[in-house]
2 protein chains.
Amino acid sequence: MEKPQSTKERILDAAEKLFATRGFYGVSIRQITTEAGVDPALASYHFGKKKDIFNAVMLRRAEVLNRERIAMLDDCIRRAKPNPAPLHEIIDAFTHALLNRATQGGQGWKHYFAIIAQINNHPELGGIIMTQYFDPLAKKFIAAIQETMPDSKPEDLYWCYHFLSGALTLTFSGTERINNLSEGLCPPSDLYAVHDRLVPFITAGFKVFAQPHKINP
Amino acid sequence: MEKPQSTKERILDAAEKLFATRGFYGVSIRQITTEAGVDPALASYHFGKKKDIFNAVMLRRAEVLNRERIAMLDDCIRRAKPNPAPLHEIIDAFTHALLNRATQGGQGWKHYFAIIAQINNHPELGGIIMTQYFDPLAKKFIAAIQETMPDSKPEDLYWCYHFLSGALTLTFSGTERINNLSEGLCPPSDLYAVHDRLVPFITAGFKVFAQPHKINP
DNA sequence: AACTTATTTCAACAAGTGTTTAATCATTCA
DNA sequence: TGAATGATTAAACACTTGTTGAAATAAGTT
């Protein structure tokens with residue numbers, strides 16, 4: 001079943017797992033290499049500094065994930081031509097790959113999402129990495145929405161995207177918070193149920209800012 | 001202007017500041033006590049273990065914040081009697097104190113929100129602290145919404161609350177992400193503008209789940 | 001005043017930190 | 001086969017980690 005792993009892969013997997021539960025500063029290189037069953041010096045040999053390991057962990061999955069998301073976004077834009085793509089399809093394109101990996105991607109992906117959630121809310125680490133890996137996708141996404149909602153102000157859309165981003169990262173972070181809070185009523189494992197709620201929730205939020213504001217209900 | 005600070009307060013302020021930017025594991029007791037201008041041994045003397053310092057930092061502001069939010073929620077429920085409180089007022093009651101402190105609360109509050117954002121997305125620390133300090137408030141809040149939206153399913157409301165929670169923590173985390181992404185178009189310092197967007201955005205999301213579902217636009 | 005309690009200091013502890021060095025083993029290629 | 005490159009190992013580097021103990025000072029109470 002399991003194909004033989006290279007040392008680099010073993011280190012990345014171990015680092016991913018440990019970073020997910022204890023954060024960047026909460027994990028030592030010796031803990032990582034012990035978990036990987038490998039000599040500590042091999043971490044420096046293969047990756048360099050500790051932050052380079054972290055970057056490699058992030059880059060590995062960000063690449064395949066964002067490739068999928070961009071393809072799906074392009075696809076729904078192309079299908080709708082010459083009209084702009086429908087809003088709920090754009091948001092679905094943005095979230096679908098995330099949901100997919102979080103449900104069927106295995107343990108490694110769960111760890112990856114947990115790290116994303118942490119650094120997305122981390123002033124020091126988040127600023128660099130999120131900007132580097134996710135801003136291009138975010139801009140494409142917002143541009144697509146701007147086209148299907150031409151009357152809305154760009155800054156409104158940026159804010160809405162920001163709210164979406166926060167909701168997403170918390171939902172996939174793997175904290176059992178909603179499960180605890182709801183006393184088992186909302187198992188976060190049921191991510192298809194999440195999809196049925198998240199997409200309409202966010203879509204409705206965006207639509208509020210489609211036309212010139214009417215604040216009060 | 002500045003009233004003389006006790007050693008305990010100096011340690012708490014220094015810890016708050018450092019935890020905000022580097023996380024729990026990224027900060028040492030010596031860094032904290034150096035920042036506070038105090039002997040390292042005093043941290044143990046006044047607080048005990050390192051995690052007890054962290055807990056004290058969280059508790060100090062969580063208490064005053066949640067007291068305000070509960071009072072405001074009770075107030076808007078009382079004003080609406082015998083009818084249920086309007087949805088947008090409930091959400092405003094939930095977010096108003098946060099916005100207020102984030103704008104006028106000074107640097108300490110900014111650091112506090114940054115820590116909240118980190119632990120809210122942290123499997124290990126978040127589970128304990130957030131549950132301990134914020135779940136009672138969350139339940140009161142959801143119960144109030146359930147009353148003004150009697151036809152909606154409880155699990156839908158829990159999910160909506162979860163999305164709100166994620167949006168809030170990211171917005172107040174103090175990462176400059178939206179500012180960078182929008183290339184200066186959305187300065188996060190303008191938190192009154194945030195309020196005008198966040199409350200209608202969330203309100204609209206909740207309302208989607210008020211009646212039996214109609215998913216497609 | 002003397003006595004008690006609270007606070008602060010300094011030094012030390014054993015253990016863990018990221019990283020480097022030089023030596024050894026494995027593999028590849030001519 | 002032998003030389004050359006790549007991978008792995010063990011040991012050591014100087015430094016930081018959280019926490020504690022005993023001694024010194026400050027504050028508070030009869």
Side-chain angles (χ1 to χ4, degrees), chain A residues 2-60 111 115 118-119 122-126 128-129, chain B residues 2-60 111 115 118-119 122-126 128-129:
Chain A
E2 314 213 345
K3 76 178 71 167
Q5 276 185 312
S6 72
T7 300
K8 288 181 83 168
E9 281 171 333
R10 280 226 293 279
I11 292 176
L12 285 181
D13 286 346
E16 188 174 57
K17 176 178 173 183
L18 295 173
F19 284 147
T21 52
R22 307 187 42 101
F24 178 76
Y25 296 107
V27 177
S28 73
I29 290 186
R30 279 174 174 84
Q31 289 173 329
I32 293 173
T33 50
T34 300
E35 169 84 24
V38 150
D39 190 272
L42 288 175
S44 307
Y45 176 75
H46 283 291
F47 296 99
K49 311 282 182 186
K50 187 183 177 187
K51 289 218 167 153
D52 298 324
I53 303 176
F54 190 72
N55 268 308
V57 168
M58 293 291 93
L59 186 57
R60 179 170 60 153
H111 296 147
I115 303 175
Q118 285 180 56
I119 67 171
H122 194 287
E124 188 186 324
L125 299 172
I128 310 158
I129 293 185
Chain B
E2 315 212 342
K3 76 177 72 166
Q5 276 186 313
S6 72
T7 300
K8 289 181 82 168
E9 280 171 334
R10 280 225 293 278
I11 292 175
L12 284 181
D13 286 346
E16 188 173 59
K17 175 177 173 183
L18 294 174
F19 283 148
T21 50
R22 310 192 31 110
F24 178 76
Y25 296 107
V27 176
S28 73
I29 290 186
R30 278 175 175 82
Q31 289 172 330
I32 294 173
T33 51
T34 299
E35 170 84 25
V38 149
D39 191 273
L42 288 176
S44 307
Y45 174 74
H46 283 290
F47 296 99
K49 311 281 181 186
K50 187 183 176 187
K51 288 218 169 155
D52 298 323
I53 303 177
F54 190 73
N55 268 307
V57 168
M58 293 290 93
L59 186 57
R60 179 170 59 152
H111 296 146
I115 303 175
Q118 285 180 56
I119 67 172
H122 194 287
E124 187 185 324
L125 299 172
I128 311 158
I129 291 184

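Values reported hereafter were calculated over all heavy atoms of this structure, with side chains retained and with hydrogens, waters and symmetry mates removed. Order of the sequence lines fixes the chain letters, A, B, ..., with proteins taken first and strands second; residue numbering starts at 1 for each chain.
- Between B:Phe54 and B:Phe19, the two ring planes are perpendicular [angle over 60°; tilted spans 30° to 60°].
- No side-chain heavy atom of A:Leu42 sits under 4.5 Å from any side-chain heavy atom of A:Thr33.
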DNA chain C base-pair string [pairs: Watson-Crick or G-U under 3.5 Å; |: paired with another strand]: .|||.|.||||||||||||||||.|||||.
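- Taking both residues in full, the closest heavy atoms of B:Tyr25 and B:Lys50 are given as CA-NZ, 4.2 Å, listed atom of the first, atom of the second, then distance.
- Of the residues listed (B:Arg60, B:Lys8, B:His111), the one engaging B:Asp13 in a side-chain hydrogen bond (donor to acceptor under 3.5 Å, both in side chains) is B:Arg60, and it is the only one.
- Two residues are said to be in side-chain contact when any heavy atoms from C-beta on lie closer than 4.5 Å; B:Leu12 and B:Phe47 meet this criterion.
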Under 4.0 Å protein heavy-atom contacts per nucleotide of nucleotides 7-19 of chain C, with B for base, S for backbone only and - for none: BBBB-B----BBB
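- Note that the OG atom of A:Ser44 and the CG atom of A:Asp52 stand 10.0 Å from one another [nearest 0.5 Å].
- The closest donor-acceptor contact from the side chain of A:Arg22 to the backbone of A:Val27 lies at 3.5 Å or more, if one exists at all.
- B:Glu16 CD to B:Ile32 CD1: the interatomic distance, rounded to the nearest 0.5 Å, is 11.0 Å.
- Nearest heavy-atom pair across A:Ile53 and A:Ala43 is CD1-CB, 3.9 Å.
- Taking 4.0 Å as the cutoff to heavy atoms of chain A, we find the contact window on DNA chain D bounded by D:dG6 to D:dA12.
- Contact detail for B:Glu35 and B:Ala14: the closest heavy-atom pair is CG-CB, 3.5 Å.
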